[in-house]
Novice: 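A single structure is presented below for examination.
Bear in mind that the values here come from a model prediction, so they are computed numbers and not experimental data.
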Amino acid sequence: MPQAISGIEQIALFPIFSSRQAYRDALGKEAPPYDPSRPPKNWFDPAAATTTRRSVVYEMVLALTDDGRALAGPDGKPELEPLVLRREEAATVNIYADGLGFATPNKVPVPAPLRALKPNEELQFGFGGQVIVRDLSIPLPSETDGFNSADRATLQAIAEKLGLKPGAAR
């Protein structure tokens, strides 16, 4: 059933693996060993391994700050940018140790390529700066459902106080 709000992984072109175990469960094999000299990368493009080109261009990925937060564009919404990877890099994952999710010391993960948004979709910043996909054709729960615009404003103010405001300059 379609939802008004979903995570960014819903529009990723390739599966995003939350851990080495998730990779193993999905593919039935171990992920390549983590290489600390490379940024973490929790997705791979299977077609990249067979391309004759040296590099692969992905039209849309989230633009990230140097500390890995999504960058806001001039409209205040998450900004997208192209990504170019060597074919060898595009064709493999670099998943950090299990139990630590995407967190790695001083490394920003390689953002996953995204499909084009449908006319009824837009990217937005959710609570804490998390990027969400909003389906504009599905109404949000009404304000009588217990969570209202005043609650959202309070949560946003808390997030800003904690320094979680989206779109900080690079």
Novice: Kindly write out the residues that satisfy side chain to side chain donor-acceptor pair (under 3.5 Å) with N120, not counting sequence neighbours, or none if the list is empty.
Specialist: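 In terms of side chain to side chain donor-acceptor pair (under 3.5 Å), with neighbours along the sequence ignored, N120 is linked to D135, S137.
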Novice: With a 4.5 Å heavy-atom cut-off, do L123 and V133 have their side chains touching?
Specialist: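 In contact.
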Novice: Determine whether a donor-acceptor pair (N or O, by modelled atom type, separation under 3.5 Å) exists between the side chain of R20 and the backbone of P32.
Specialist: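 Side chain of R20 to backbone of P32, a donor-acceptor pair under 3.5 Å: yes, one is there.
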Novice: State, yes or no, whether a side-chain contact exists between W43 and V93 at a heavy-atom distance under 4.5 Å.
Specialist: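 Answer no - side chains too far apart.
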Novice: Just jot down the side chain to side chain donor-acceptor pair (under 3.5 Å) partners of Y58, sequence neighbours excluded, or say none.
Specialist: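 Applying side chain to side chain donor-acceptor pair (under 3.5 Å) to Y58 gives D45.
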Novice: Mark yes or no for whether T50, through its side chain, and A47, through its backbone, hold a donor-acceptor pair below 3.5 Å.
Specialist: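 Checked: pair present.
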Novice: Working to the nearest 0.5 Å, report the span between CG of N42 and CD1 of I16.
Specialist: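 So the CG of N42 and the CD1 of I16 are separated by 8.0 Å.
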Novice: What is the ring orientation for F17 with Y23, classed by angle as parallel under 30°, tilted 30 to 60°, or perpendicular over 60°?
Specialist: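 Ring orientation, 0 to 90° scale: perpendicular.
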Novice: With hydrophobic residues grouped by side-chain heavy-atom distances under 4.5 Å, do I138 and L117 end up in a single group?
Specialist: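 I138 does not cluster with L117.
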Novice: Count I, L, V, M, F, W, Y as connected when their side-chain heavy atoms are under 4.5 Å apart, and connections chain through other members. Are L13 and V57 then in the same cluster?
Specialist: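 Looking at the clustering, V57 is in a separate group from L13.
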Novice: Going from CZ on R134 to CD on Q3, what distance comes out if it is rounded to the nearest 0.5 angstrom?
Specialist: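 Reported value, rounded in 0.5 Å steps: 12.0 Å.
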Novice: Name all residues meeting the side chain to side chain donor-acceptor pair (under 3.5 Å) criterion together with E122; count only those two or more places apart in sequence or in a different chain, and write none if there are none.
Specialist: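 E122 satisfies side chain to side chain donor-acceptor pair (under 3.5 Å) with K77, Q124 once adjacent residues are dropped.
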Novice: Please round to the nearest 0.5 Å and tell me the distance separating atom OG1 of T65 and atom CG of D67.
Specialist: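 So the gap between those two atoms works out to 3.5 Å.
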Novice: Give me the one residue out of E59, Q10, E121 that meets side chain to side chain donor-acceptor pair (under 3.5 Å) with R115.
Specialist: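 Answer to the side chain to side chain donor-acceptor pair (under 3.5 Å) test with R115 among E59, Q10, E121: E121.
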Novice: Backbone N or O of K41 within a donor-acceptor pair of the N94 side chain at under 3.5 Å?
Specialist: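 No: the side chain of N94 does not pair with the backbone of K41.
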Novice: Measure from the side-chain N and O atoms of R87 to the backbone N and O of R53, and report whether any donor-acceptor pair falls under 3.5 Å.
Specialist: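 Flag set: sc R87 to bb R53 pair under 3.5 Å.
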